[in-house]
Amino acid sequence: MNRTDAPNAKADNIPLAVGTIIFTVLALSLGDALIKQSSTSFVIWQIFVIRSLIAIPFLVVYLAIRSPASLRLSGAVKWMALRSFMLVAMWISYYLALPHLALSVAAATYYTLPIFITLFSAVLIGNRISRMGWTAVFMGFLGVLLILRPTADNFNLYALLPLLSAMLYALAMILTRTKCRAEHPIMLSLALNCAFVIVGGIAAAVISTLSDEMRYGFLLARWAVMTPSDWGMMAMLAASILIGSVGAAIAYQNGPAQMIGTFDFAYVGFSVIWGIVFFAESPDALSVLGIAMIVGAGVISLRQ
């Protein structure tokens with residue numbers, strides 16, 4: 001049965017919301033798997049620029065047709081810019097971890113973000129953390145320890161990058177809630193993709209000044225010459241980011257955040273599948289337990 005949160009609010013469409021968020025995280029997880037697969041062929045900045053240059057025209061056309069007033073700069077432009085560059089930093093951290101971690105491990109560690117949203121909301125905007133919320137924080141922390149197992153013998157420093165990504169995303173979402181709440185979600189997506197192009201272009205210009213000995217790896221390599229199949233992959237990545245930005249907006253507009261956030265965790269399950277299919281990755285028993293604890297903690301955080 002459809003529900004509303006207020007007498008004049010649009011009725012919820014739960015089947016649409018749930019189906020959309022599952023399809024959205026399916027597309028996003030596949031896009032991230034493709035980025036992990038292409039990390040040996042392309043520098044991260046090339047992916048940022050090409051992907052967003054393909055996506056931006058679709059976003060502009062959509063806004064021009066459906067909401068032309070949204071294309072005008074609002075008083076929140078500085079907050080939109082700050083939000084966008086925080087999210088760019090978030091994706092940089094996450095993507096740099098992918099060549100060095102199993103996809104499922106990176107995904108599960110990143111999905112500690114509801115825990116950080118809980119903590120940062122308490123610190124920055126005064127939200128109270130319930131007993132259930134603290135239980136989620138503790139459970140999520142134990143899950144991270146089971147995945148990372150930070151001993152001198154097997155600790156992978158790159159495993160901290162998805163944690164940093166989760167923190168940056170949590171801060172960006174709090175900023176969205178407090179400073180960018182009135183902005184059109186597609187305009188926020190357009191601002192984010194413009195930030196990808198700006199950061200990627202600046203990084204490419206800086207890298208061009210480095211010596212040939214320094215220009216290698218996923219962070220500092222030259223831009224690669226692209227074949228038709230490479231352009232096809234970039235188009236898939238652009239489709240992934242478009243589906244991610246538009247699909248999440250549709251899902252959260254048509255269903256309660258606590259319910260949709262729970263289905264959002266399907267990203268972790270899809271990442272396990274793509275890890276097996278693309279990279280023959282099979283998480284061990286402790287990692288599976290850690291993943292389950294993080295997902296459980298995230299669900300508790302969303303429902304407190």
To the closest 0.5 Å, what do you measure between [atom1] ([X]) and [atom2] ([Y])?
X: Ser38; Y: Ile44; atom1: OG; atom2: CD1; answer: 10.0 Å
X: Met80; Y: Met187; atom1: CE; atom2: CE; answer: 4.5 Å
X: Phe120; Y: Met167; atom1: CZ; atom2: CE; answer: 5.5 Å
X: Ile50; Y: Met226; atom1: CD1; atom2: CE; answer: 5.5 Å
X: Phe218; Y: Ile47; atom1: CZ; atom2: CD1; answer: 4.0 Å
X: Leu87; Y: Ile92; atom1: CG; atom2: CD1; answer: 11.0 Å

With a 4.5 Å limit on heavy-atom distance, are the side chains of Asp212 and Arg215 in contact? yes
For the backbone of [Y] and the side chain of [X], can you confirm whether one donor and one acceptor N or O come within less than 3.5 Å of each other?
X: Thr227; Y: Asp230; value: yes
X: Lys36; Y: Leu98; value: yes
X: Thr135; Y: Arg131; value: yes
X: Ser165; Y: Tyr94; value: yes

Please output the side-chain donor-acceptor pairs of residues 105-117 that fall under 3.5 Å, not counting sequence neighbours, one pair per line with the distance.
{"from": "Thr109", "atom 1": "OG1", "to": "Val105", "atom 2": "O", "distance (Å)": "2.8"}
{"from": "Tyr111", "atom 1": "OH", "to": "Asp264", "atom 2": "OD1", "distance (Å)": "2.9"}
{"from": "Thr112", "atom 1": "OG1", "to": "Thr109", "atom 2": "O", "distance (Å)": "2.7"}

Shared hydrophobic cluster, [X] / [Y] (ILVMFWY, side-chain heavy atoms < 4.5 Å):
X: Leu164; Y: Tyr158; value: yes
X: Phe23; Y: Ile14; value: yes
X: Leu59; Y: Ile65; value: no
X: Leu53; Y: Leu190; value: yes
X: Val272; Y: Leu28; value: no

More than 12 foreign heavy atoms under 6.0 Å from [atom1] of [X]: is that the case here?
X: Tyr216; atom1: OH; value: no
X: Phe58; atom1: CZ; value: no
X: Phe278; atom1: CZ; value: yes
X: Tyr169; atom1: OH; value: no

Residue pairs meeting side chain to side chain donor-acceptor pair (under 3.5 Å), one or both in residues 83-92, sequence neighbours left out, come to Arg83-Thr176
Could you name each residue pair satisfying side chain to side chain donor-acceptor pair (under 3.5 Å) that touches residues 43-58, not counting sequence neighbours? Arg51-Tyr95, Ser52-Asn193
Which atom names give the shortest non-hydrogen contact between [X] and [Y], and what distance separates them?
X: Ala159; Y: Pro162; result: O-CD, 3.3 Å
X: Leu103; Y: Ala33; result: CD2-CB, 3.8 Å
X: Ile207; Y: Ala221; result: CG2-O, 4.1 Å
X: Lys179; Y: Ala76; result: O-CB, 3.8 Å
X: Val197; Y: Ile56; result: CG2-CD1, 4.0 Å
X: Ser93; Y: Leu168; result: OG-CD1, 4.2 Å

Checking Val77 now: which residues fulfil side-chain contact (heavy atoms from CB on, under 4.5 Å) with it, not counting sequence neighbours?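 Val77 satisfies side-chain contact (heavy atoms from CB on, under 4.5 Å) with Leu73 once adjacent residues are dropped.
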Listed by chain and number, what are the side-chain contact (heavy atoms from CB on, under 4.5 Å) partners of Ala266, not counting sequence neighbours? Val25, Phe270
Steps toward side chain to side chain contact (heavy atoms under 4.5 Å, CB included) verdict (Leu160, Leu163): CA-CA 5 Å; Leu160 296 178; Leu163 277 179; 4.2 Å; yes
Side chain to side chain contact (heavy atoms under 4.5 Å, CB included), that's the test. Do Leu171 and Met86 meet it? Break it down for me. CA-CA 8 Å; Leu171 290 170; Met86 288 176 66; 3.2 Å; yes
Exercise: do Ser29 and Asp32 side chains pair donor with acceptor under 3.5 Å: no
Apply side chain to side chain contact (heavy atoms under 4.5 Å, CB included) to Val268 and Ser104, showing your working. CA-CA 6 Å; Val268 179; Ser104 59; 5.8 Å; no
Side chains of residues 232-242: which donor-acceptor pairs under 3.5 Å do they make with residues two or more places apart or in other chains?
{"from": "Ser240", "atom 1": "OG", "to": "Ala27", "atom 2": "O", "distance (Å)": "3.0"}

Can you list the steps and then say if His184 with Tyr62 is a side chain to side chain contact (heavy atoms under 4.5 Å, CB included)? CA-CA 12 Å; His184 196 295; Tyr62 178 91; 4.2 Å; yes
